Chemist: 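Take a look at this one; I'll ask things after.
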Amino acid sequence: MKQVKLVLEDGTEIQGESFGAFTSAAGEVVFSTAMTGYPENLTDPSFAGQILVLTYPMVGNYGVPGEDLYESISKIFESDQIHIAGLVVNYYSEEHSHWNAAKSLGDWLKEYNIPGIFGVDTRMLTKKLREKGAMLGKIVAEQDIPFHDPNQDNLVAQVSQPGVQHYGSGKNKIVLVDCGTKTNIIRCFLERDVELIRVPWDYDFTQIDYDGLFLSNGPGDPKMCETTIAHLQTALQQDKPIFGICLGNQLMSLAAGGDTFKLKYGHRSHNQPVLLTGTKRSFITSQNHGFAVDTATLPDEWTMLFENLNDGTCEGIRHKTKPFFSTQFHPEAAGGPEDTEYLFDEFLTAVEKYKAAQPK
Ligand SMILES: NC(=O)CC[C@H](N)C(=O)O
């Protein structure tokens with residue numbers, strides 16, 4: 001076994017053993033307390049630039065599934081590549097066993113030249129990240145490298161797919177602004193009778209004659225997406241329904257005139273409780289974000305839609321009169337609970353209502 005170390009910007013150095021690629025990588029160190037779902041997490045483009053610490057102690061035991069396709073997108077993965085910068089686990093299970101496993105986690109990381117480190121006390125590390133906040137860090141193999149803050153980069157421009165892509169042929173025409181979309185969002189739409197037009201983050205979608213607009217999740221600081229925000233401001237002048245998820249929620253707020261800020265250590269797990277504003281209904285949600293909307297900065301026409309029951313932060317917003325809403329959590333899950341998937345139906349109901357109200 002080859003030795004590697006995890007180095008944090010506060011000077012912490014943790015020795016561990018290498019799995020995956022034996023190479024060095026720098027990024028922002030974040031933790032997820034999800035107990036399963038590493039194939040989904042590692043391919044979620046929102047993790048671009050991040051070194052992911054998994055608190056669940058044993059990782060890799062169910063291997064990595066094969067690459068089955070559904071309508072030209074992966075059936076299982078959240079994109080067509082690994083996006084994390086590095087992986088930190090406590091115990092790496094060399095031997096995997098699962099009915100649909102095609103390879104080991106270590107071999108999969110190697111394919112994408114991503115380093116992993118195991119033998120790390122990930123719970124101690126998580127306590128440190130909770131006290132001090134998410135930190136820059138690096139996994140160092142033979143070659144030392146400088147720290148790198150991915151939030152200074154336009155990560156969305158790096159992960160958004162170039163070109164316009166069409167999926168499905170259903171009755172509602174939805175534009176999906178791809179800031180690093182998870183494929184389960186596409187799957188959720190395709191199960192609901194839509195024609196989906198996927199456009200890059202900086203595409204002028206206001207030129208398309210769509211029935212509804214969807215803003216995807218994506219990596220990094222939402223303020224980097226100035227072009228998307230500018231196009232969105234035009235869309236907000238109209239009455240066509242708009243729905244956003246995660247980064248999409250942050251972009252909606254920024255376009256509306258609100259502000260976002262960086263959370264101390266973010267929300268990354270499958271069991272984040274949120275409250276539907278004005279009710280006593282709570283939902284358990286899947287989350288992966290490091291930034292949040294500052295509710296106090298929302299203009300008068302907007303209101304908080306969901307609130308995080310752990311720390312009171314904004315988990316969604318809605319326009320008071322127009323059919324515009326977004327969530328900070330992931331209604332599409334993958335992994336995590338599917339309790340809020342009904343929001344796709346609410347969006348499409350709003351789309352149908354909008355269409356029915358148009359002069360023939
Ligand atoms: N999953 C996402 O869309 C994340 C949004 C944003 N990059 C954040 O970390 O807050």
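Just so it is clear, the structure is predicted and the values come from calculations on it, not from any experiment. Just follow the structure's listing: the first ligand is 1, and inside any ligand the first atom is 1.
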Chemist: Identify, for atom 2 (C) of ligand 1, the protein heavy atom at the shortest distance, and state residue, atom and that distance.
Modeler: C246 SG, 2.9 Å
Chemist: Report the nearest protein non-hydrogen atom to atom 4 (C) of ligand 1: residue, atom name, distance rounded to 0.1 Å.
Modeler: G218 O, 3.2 Å
Chemist: Count the heavy atoms of every other residue, nucleotide or ligand shown that sit under 6.0 Å from NZ of K171, and state whether that count exceeds 12.
Modeler: no
Chemist: For atom 1 (N) of ligand 1, grab the closest protein heavy atom and report residue, atom and distance to one decimal in Å.
Modeler: N288 O, 2.8 Å
Chemist: For the side chain to side chain contact (heavy atoms under 4.5 Å, CB included) test, which of N113, V64, L42 pairs with I82?
Modeler: L42
Chemist: Look up atom CD1 in I245 and atom OG1 in T327, then write down how far apart they are to the nearest 0.5 Å.
Modeler: 5.0 Å
Chemist: For the ring pair F325 and F243, is the centre-to-centre distance below 6.0 Å?
Modeler: yes
Chemist: Taking 4.0 angstrom as the limit and counting only heavy atoms of G290, give me the atoms of ligand 1 inside it, by number and element.
Modeler: 8 (C), 9 (O), 10 (O)
Chemist: Looking at S46, which atoms of ligand 1 are within less than 4.0 Å of one of its heavy atoms?
Modeler: 1 (N), 2 (C), 3 (O)
Chemist: Looking at ligand 1, would Q250 count as a contact under a 4.0 Å heavy-atom criterion?
Modeler: yes
Chemist: Would Y203 and V177 count as a side-chain contact (heavy atoms from CB on, under 4.5 Å) here? Give the steps.
Modeler: CA-CA 8 Å; Y203 190 91; V177 185; over 6 Å; no
Chemist: So which of S286, P222, G220 gets nearest to atom 6 (C) of ligand 1, if we judge by its closest heavy atom?
Modeler: G220
Chemist: If the cut-off is 4.0 Å to any non-hydrogen atom of H330, which atoms of ligand 1 fall inside it?
Modeler: 1 (N)
Chemist: Output, in order, the C-alpha distance, side-chain angles, deciding distance and verdict of side-chain contact (heavy atoms from CB on, under 4.5 Å) for L87 and I114.
Modeler: CA-CA 8 Å; L87 186 62; I114 308 294; 5.6 Å; no
Chemist: Centroid separation under 6.0 Å, is that true for the rings of Y62 and Y38?
Modeler: yes
Chemist: Show me which atoms of ligand 1 lie under 4.0 Å from any heavy atom of L247.
Modeler: 2 (C), 3 (O), 5 (C)
Chemist: Check P219 against ligand 1 and report side chain, backbone, both or neither, counting heavy atoms closer than 4.0 Å.
Modeler: backbone
